[in-house]
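In the text below, chain A, chain B and the rest are named by the order of the sequence lines, each starting its count at 1.
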Amino acid sequence: MPELPEVETVCRGLAAVLETRVLRHLELRRKDLRFPFPAGLAALVEGRRVAAVRRRAKYILIHLEDGGVLIAHLGMSGRMLIGPAEGLVLETHDHVVFHTDHGVAVRFNDARRFGFLDHARAEDLGRHKLLEGLGPEPLGNEFSGPVLAEKLAGKLAPIKAALLDQKIVAGLGNIYVSEALFVARLSPLRSAGTVSGARAEKLVRAIKDVLTRAIAAGGSSLRDYVQTSGELGYFQHQWAVYGKEGEPCPGCTCAHGILRIVQSNRATFYCAKRQR
DNA sequence: CGGCAAACCTGCGAGC
DNA sequence: TGCTCGCAGGTTTGCC
């Protein structure tokens, strides 16, 4: 499920029900997800009011009024589902439940358990092991052609791999990298270091365009639904290339159509004629 | 240091 | 119907 647009959608859903509310009870139904939950996590959260829900890269940051921050990551299969606490029915893989002071329950469901939950002080976030070193937010003003080109300079790895590296730009994942490279008409096989100048400008515009459209659509749903309401995101209907091996290229009349290759053990979709 | 494969864990669809 | 295999949106680790 979750790349930047999906995490952004989840954050907006969480903000609507959690901000200004007190977290009465943090129900930990196992002792770990990808990592063990930090010692005393429930006590660090219970009785605190939520000041704000924010996103950094693919991390959900739940700021508490006492300066503590809950850091959540959805991994590959994580979901946050909001519903009434009364008559709550837990489902398989509901590992954590947040209970608010106004009768709302948020279930953190994660079948594959690649997600996690951590706690930090707000003033320490910049030095948090998982957050330090993250590259710029792709939708922020600070993410520009020159900034990207500088990060890519000298890199021999394919541009596909570089864009998945969260130190270069934070929040892209496997789907949106293929989509952005298609919009920018750049081959995923091209060496990252050759993307500079006008090419870098074009790629930055493509990344911002794809992410903005995906957020507007509520993200993409594959097997899981994305939004906290349980509604489907529908950006998958706007994909140009992802998952479309063998289908006609939407941008040209090439005979081969959309190709699927494997880079760094992950599927890449592209048009070899339109993308150079 | 850079780049790549494998590992973490579970579910689902395709194919036999 | 039921089994096996391959593949899946992320990130870290370890190896060359």
J.: Can you figure out which of B:dG11, C:dG10, B:dC4 approaches the side chain of A:Ala161 most closely?
T.: B:dC4
J.: Knowing that exactly one of A:Phe37, A:Tyr59, A:Phe108 qualifies, which makes a side chain to side chain contact (heavy atoms under 4.5 Å, CB included) with A:Phe116?
T.: A:Tyr59
J.: Does A:Gln166 put a side-chain nitrogen or oxygen below 4.0 Å from OP1 or OP2 of C:dT11?
T.: yes
J.: Contact class for A:Leu130 vs. all strands (heavy atom < 4.0 Å): base, sugar-phosphate, or nothing?
T.: sugar-phosphate
J.: Between C1' on C:dC16 and CG on A:Leu156, what's the gap in Å once rounded to a whole number?
T.: 16 Å
J.: Side-chain donor or acceptor of A:Arg34 under 3.5 Å from a matching atom on the base of C:dT11?
T.: yes
J.: C:dA8 base to A:Arg266 side chain: any donor-acceptor pair below 3.5 Å?
T.: no
J.: Can A:Asp101 and A:Arg24 be counted as an ion pair, charged N to O under 4.0 angstrom?
T.: no
J.: Do any side-chain nitrogens or oxygens of A:Arg113 fall under 4.0 Å of OP1 or OP2 in B:dT10?
T.: yes
J.: Using only side-chain N and O atoms of A:Lys155, determine if any of them is under 4.0 Å from OP1 or OP2 of B:dG3.
T.: yes
J.: Less than 4.0 angstrom from a charged side-chain N to a carboxylate O is my criterion; do A:Arg34 and A:Asp32 meet it?
T.: no
J.: What integer number of Å spans the C1' atoms of B:dG11 and C:dT12?
T.: 23 Å
J.: Could you tell me whether the side-chain ring of A:Phe114 sits stacked on the base of B:dC8, using a centroid cut-off under 5.5 Å and a plane angle under 30°?
T.: yes
J.: Can a side chain N or O of A:His73 be found less than 4.0 Å away from OP1 or OP2 on C:dG10?
T.: no
J.: Looking at A:Arg205 and A:Asp209, does any basic side-chain N land under 4.0 Å from a carboxylate oxygen?
T.: no
J.: Would you call A:Arg56-A:Glu137 a salt bridge at under 4.0 Å N-O?
T.: yes
J.: Taking 4.0 angstrom as the limit, do A:Lys58 and A:Glu6 come out as a salt bridge?
T.: no
J.: Give the rounded distance in Å between these two atoms: CG of A:Asp110 and C1' of B:dG11.
T.: 12 Å
J.: Please give, in whole Å, the distance from C:dT11 P to A:Leu74 CG?
T.: 10 Å
J.: Between A:Glu19 and A:Arg21, does at least one N-O distance fall below 4.0 Å, as a salt bridge requires?
T.: no
J.: What integer distance in Å separates A:Leu131:CG from C:dT12:P?
T.: 10 Å
J.: In which ranges does DNA chain C form stems of 3 or more consecutive Watson-Crick or G-U pairs, distances under 3.5 Å?
T.: B:2-8 with C:10-16, B:10-16 with C:2-8
J.: Starting from C1' on B:dC9, measure out to CG on A:Asn109 and report it in whole angstrom.
T.: 14 Å
J.: Expressed in angstrom and rounded to an integer, what is the separation of A:Phe116 atom CZ from C:dT12 atom P?
T.: 8 Å
J.: Using the P atoms only, state how far B:dA5 lies from C:dC7, rounded to an integer number of Å.
T.: 14 Å
J.: On the six-membered ring of A:Phe182, is A:Arg274 placed so that its NZ or CZ lies under 6.0 angstrom from the centre and within 45° of the ring axis?
T.: yes
J.: Taking CG from A:Asn265 and C1' from C:dC15, how many angstroms apart are they, rounded to a whole number?
T.: 14 Å
J.: Reckon A:Arg260 has a side-chain N or O less than 4.0 Å from the OP1 or OP2 of C:dA8?
T.: yes
J.: Round to the nearest Å and state the distance from A:Asn174 atom CG to C:dA8 atom C1'.
T.: 9 Å
J.: Which nucleotide, B:dC4, C:dA8, B:dG11, lies nearest any side-chain atom of A:His93?
T.: B:dG11
J.: Which one, B:dG11, C:dA8, B:dC4, comes nearest to the side chain of A:Arg112?
T.: C:dA8
J.: Compare the minimum distances between each of B:dA5, B:dC4, C:dG10 and the side chain of A:Glu3, then state the nucleotide with the smallest one.
T.: C:dG10
